[in-house]
Amino acid sequence: MNETAVAIIRAENYEVRSIKEKLEDLIGATGFPAVEGKCVLIKPNVLSDAHPEKAITTNPAVVEALAIILEERGATKILMGDSPGLHTPGFAARNSGLAAVCERRQVEWQDFSKENRTHRLSRRISAPMATAIDKADVVISVAKMKTHQLMYMTGCVKNMFGLVPGLNKSPMHLKAPSREQFAKVIVSIFKESHTDYAILDGIVAMEGPGPANGYPKRADLLLASRDAFAVDCAASVIMGYDPETIPILREGEKQGLTDPALYTYPILRPEDVSIKDFARIEQKKSNLFVDLIMPIFLRPFRMRMIRRRPAPQFMDNCIRCKRCISICPATALHMENGNVVIDKSLCIRCYCCHEMCPVDAIKVPAKT
């Protein structure tokens with residue numbers, strides 16, 4: 001395995017021309033794939049069609065700057081798409097500003113819910129994935145730097161989970177309820193996506209209870225590499241995490257998909273731009289016996305171990321939209337006397353309900 005360049009650059013605004021210049025610097029330092037005469041798929045992070053200032057989605061200026069670069073480098077067709085957890089008919093990412101980018105740059109929006117095929121992810125798990133990855137010669141993950149209640153952080157690798165349309169994501173949490181199991185699913189999806197390049201929007205990141213209900217946090221950074229794991233590893237350091245504690249990064253290294261010993265930083269090093277006061281998801285202390293050895297002997301009690309994580313709590317500002325009920329893979333939620341009620345004995349602590357709540361009415365206590 002050769003050295004892997006991870007480029008990190010300062011970027012202090014979302015002005016398209018400025019971002020294009022920054023991206024060209026990143027691309028020049030990291031070995032961008034050839035796109036001339038090719039079809040390219042841009043996969044942004046659109047967890048929900050939120051306005052850009054909420055820092056839930058990849059900012060449209062980053063996507064537009066990339067689209068201009070692809071045009072200038074001779075790409076014959078540019079596709080873009082994503083599928084949020086609750087995928088409504090005709091979803092086109094208008095509030096996030098991505099639909100307008102498609103219109104301005106002649107980018108073709110892909111409805112992942114309409115065109116997909118089944119992929120075998122493991123012996124037990126199969127899932128539909130957007131056929132846009134089959135159409136594309138080059139796939140680029142353009143993610144948002146955010147915390148994640150279950151996986152601690154989300155970036156360019158986790159971003160490809162959006163290739164699975166809508167509610168098809170939920171059953172995977174039920175089949176892979178632990179962090180380690182779910183990391184394997186994410187990495188399997190990533191491998192099927194054949195991602196060629198990764199860009200991370202960290203100009204305004206998200207801290208606190210992400211990936212949907214956290215708070216915008218200025219990091220003033222853009223990151224890029226041919227290795228999505230390397231980008232996410234650098235981002236984890238910037239956010240103040242030890243990369244070894246991030247399940248997806250551990251799984252990628254375990255499977256030989258990446259090697260942190262080979263990372264190089266031609267512009268800025270992550271340690272030099274780390275954010276000391278970044279509000280992270282609190283992590284449990286690592287214990288080799290509990291995390292690796294005990295589960296082998298106690299597989300029948302796995303769910304009991306998972307349910308030691310705190311269950312989500314439902315607050316008074318709930319608007320009864322029932323999105324949480326629709327997304328829950330374990331059917332642990334129901335309406336009772338006009339309120340959402342949780343059955344903690346069924347809840348698998350995947351926190352999908354927390355991600356989907358539009359009014360931040362679901363809280364996850366610390367020590368998750």
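- Taking the charged nitrogens against the carboxylate oxygens, Glu115 and Lys135 do have a contact shorter than 4.0 Å, which makes a salt bridge.
- Electrostatic pairing of Glu21 and Arg17 does not count as a salt bridge here, judged by no charged N lying under 4.0 Å from a carboxylate O.
- Donor-acceptor pairing under 3.5 Å is lacking for the side chains of Ser236 and Tyr152.
- With respect to Arg179 and Glu251, no salt bridge is recorded, no charged nitrogen being found less than 4.0 Å from a carboxylate O.
- Surrounding CD of Gln106 are at most 12 heavy atoms belonging to other residues, nucleotides or ligands under 6.0 Å away.
- Counting heavy atoms from C-beta outward, Pro310 and Arg349 have side chains that stay 4.5 Å or more apart.
- Here NE2 of His354 is found 14.0 Å from CD1 of Ile327. Values are rounded to the nearest 0.5 Å.
- Side-chain atoms of His334 and Glu336 form a donor-acceptor pair, as typed in the model, at a separation below 3.5 Å.
- The residues Lys217 and Asp277 are annotated as salt-bridged, a charged nitrogen and a carboxylate oxygen being separated by less than 4.0 angstrom.
- You'll find the side chain of Met239 reaches within 4.5 Å of the side chain of Thr147, heavy atoms only.
- Between the CD1 atom in Ile325 and the CG atom in Leu333 there is a gap of 6.0 Å [rounded to 0.5 Å].
- Between the side chains of Asp227 and Ser225, not a single donor N or O lies within less than 3.5 Å of an accepting N or O.
- Distance check: Lys169 NZ to Cys350 SG gives 13.0 Å after rounding to the nearest 0.5 Å.
- A heavy-atom distance below 4.5 Å is found between the side chains of Ile19 and Tyr14.
- The aromatic rings of His173 and Phe182 lie parallel to each other, with less than 30° between the two planes, well short of the 60° mark.
- Side-chain atoms of Val138 and Leu41, non-hydrogen and from C-beta on, never get closer than 4.5 Å to each other.
- Side-chain contact check for Ser18 and Glu15: no donor-acceptor pair (N or O, by modelled atom type) lies under 3.5 Å.
- Looking at Lys276 and Ser274, their side chains do bring a donor and an acceptor atom within 3.5 Å of each other.
- Under a hydrophobic clustering in which Ile, Leu, Val, Met, Phe, Trp and Tyr are joined whenever their side-chain heavy atoms come within less than 4.5 Å, directly or via other members, Ile199 and Met206 fall into different clusters.
- Taking 4.0 Å as the cut-off between side-chain N and carboxylate O, Arg117 and Asp134 count as a salt-bridged pair.
- Between the CG atom of Asn95 and the CG atom of Asp49 there is a distance of 4.5 Å, given to the nearest 0.5 Å.
- Side chains of Phe91 and Ser83 form no contact here, defined as non-hydrogen atoms less than 4.5 Å apart.
- Expressed to the nearest 0.5 Å, how far CD1 of Ile140 lies from CE of Met80 amounts to 12.0 Å.
- Side-chain N/O atoms of Tyr263 and Thr258 include a donor and acceptor closer than 3.5 Å.
- With respect to Lys144 and Asp201, a salt bridge is recorded, a charged nitrogen being found less than 4.0 Å from a carboxylate O.
- Classification of Asp82 and Lys43 as a salt-bridged pair holds, one side-chain N sitting under 4.0 Å from a carboxylate O.
- For an aromatic pair to be called close, the ring centres must be under 6.0 Å apart, and Phe229 with Phe190 satisfies this.
- Under 3.5 Å, the side chains of Thr58 and Asn45 contain no donor-acceptor pair of N or O atoms.
- Of the charged side-chain nitrogens involved, at least one lies within less than 4.0 Å of a carboxylate oxygen, so that Glu64 and Arg104 count as a salt-bridged pair.
- A donor-acceptor contact closer than 3.5 angstrom links the side chains of Lys191 and Gln255.
- In summary, Arg250 and Glu180 engage in a salt bridge, as defined by a charged side-chain N under 4.0 Å from a carboxylate O.
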